[in-house]
Amino acid sequence: MSQRIIDLSLPMTDNMPAHKLFQSPVILPALSHEQTKDFGLGIPEDRMTFATNYLGMLDHVGTHVDALYHTNPDGASVDEMPLEMFFGKAVCFDLTHIPDLGEIDVDDLKAAEEKSGIRVDGHIVLFNTGLHERHYPNPEVVRSNPGLTAEATHWLADRGSRAHGVEGPSTDLPSNDLFPSHRVCRDRGIFHWEWLVNLEELVGKGEFTFYGVPLLIQGGSGSPVRAFAVLEE
Ligand SMILES: [Zn+2]
């Protein structure tokens with residue numbers, strides 16, 4: 001048996017698209033190798049130069065996790081959530097029949113669960129909708145994602161699934177401000193990763209291990225993550 005790693009993260013780039021309520025990140029060179037030549041580091045025959053970048057961003061940029069505090073004033077911030085919440089057994093549902101701005105409801109989850117061959121029992125559940133493939137890097141991507149219904153979000157919580165993950169910048173439709181899935185997450189104490197990519201590589205693979213570990217940001221409402229899956233093959 002060998003392990004295969006699938007990277008599920010979107011590259012972080014300057015001014016990349018963001019959710020309609022969020023600012024895009026600023027990612028710029030701070031000091032270049034060229035500039036730091038003048039610092040006189042190292043020895044004359046072997047100058048030591050370095051490069052750094054400036055990152056100015058929300059804690060919800062690109063591939064990220066929402067902390068419980070994001071939607072619940074009394075919820076745990078990202079640094080207060082135990083590390084073990086951010087990885088675990090997982091399954092990826094094929095929901096490529098859901099169109100842009102479509103709704104993912106309980107019947108879709110039941111059918112996808114059946115197709116996956118894995119009964120959800122405390123799994124992290126990822127939803128492959130094909131959104132990223134269809135749109136990225138067109139900014140339309142942030143105005144097109146499907147949404148999970150409140151009932152579908154309850155379905156996950158009822159099966160002990162404490163966390164799920166989606167393509168695109170939100171688990172809720174960008175076309176209204178009702179946030180049914182975020183409200184259920186808030187009320188049931190569950191959370192999610194947003195803007196995962198390459199999920200199509202996990203469809204039909206059964207159970208695997210997902211990792212989406214945040215930075216330890218004090219009081220963080222979320223954090224960018226390097227998300228990946230480990231498949232045993
Ligand atoms: Zn969210």
Side-chain angles (χ1 to χ4, degrees), residues 8-10 12 16-25 57-81 85-88 90 92-93 95 98 100-105 108-109 123-129 131-132 135-136 139-157 161-197 199 210-215 217 219-227:
L8 308 177
S9 315
L10 186 64
M12 290 168 70
M16 67 192 288
H19 185 272
K20 65 175 181 177
L21 302 174
F22 295 163
Q23 294 98 331
S24 288
M57 61 178 68
L58 296 192
D59 47 10
H60 287 258
V61 77
T63 304
H64 69 277
V65 67
D66 283 11
L68 297 167
Y69 172 65
H70 181 48
T71 52
N72 182 351
D74 300 318
S77 53
V78 81
D79 55 315
E80 293 170 337
M81 294 168 71
M85 289 179 87
F86 300 108
F87 62 93
C92 185
F93 283 0
L95 293 163
I98 305 286
D100 287 353
L101 301 179
E103 286 193 318
I104 300 167
D105 212 344
D108 300 302
L109 298 190
H123 291 75
I124 293 166
V125 183
L126 309 181
F127 302 112
N128 174 53
T129 55
L131 176 85
H132 180 74
H135 296 293
Y136 203 81
E140 211 45 44
V141 71
V142 303
R143 295 188 286 273
S144 305
N145 62 273
L148 278 167
T149 65
E151 294 73 23
T153 313
H154 279 299
W155 186 92
L156 292 165
S161 175
R162 297 187 72 188
H164 48 278
V166 297
E167 295 185 59
S170 184
T171 58
D172 276 306
L173 289 171
S175 49
N176 67 46
D177 292 332
L178 302 178
F179 290 92
S181 186
H182 277 79
R183 285 190 287 129
V184 172
C185 281
R186 178 195 63 191
D187 297 344
R188 300 288 303 263
I190 65 174
F191 67 100
H192 49 253
W193 289 268
E194 290 164 328
W195 223 325
L196 299 170
V197 300
L199 293 181
F210 171 85
Y211 296 82
V213 176
L215 301 175
I217 303 168
S221 72
S223 170
V225 301
R226 184 70 181 262

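Sequential numbering from 1 along the given sequence is applied to the chain's residues. When reading the values below, keep in mind they use all heavy atoms of this one structure, side chains included, and skip hydrogens, waters and symmetry mates. Just so you know, ligand 1 is whichever comes first in the structure, and atom 1 is the first atom listed for that ligand.
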Salt-bridge test for Asp177 and Lys20: reply yes if a basic N is under 4.0 Å from a carboxylate O, no otherwise.
-> yes
Using 30° and 60° as the class limits, which term best fits the ring planes of Trp193 and Phe86: parallel, tilted or perpendicular?
-> perpendicular
Near the Zn ion (ligand 1) (under 2.8 Å) - protein N, O or S atoms | Asp66 OD2, His182 NE2, His192 NE2, Glu194 OE1, Glu194 OE2
Which residue pairs pass the salt bridge (charged side-chain N to carboxylate O under 4.0 Å, His left out) test when at least one of the two sits in residues 141-153, sequence neighbours left out?
-> Glu140-Arg143
Relative to each other, are the rings of Tyr136 and His132 parallel, tilted or perpendicular (30° and 60° limits)?
-> parallel
Residue list, side-chain hydrogen bond (donor to acceptor under 3.5 Å, both in side chains) with Ser221, at least two apart or on another chain = Asp59, His60
Can you name the side chain to side chain contact (heavy atoms under 4.5 Å, CB included) partners of Phe87, sequence neighbours left out?
-> Glu84, Tyr211
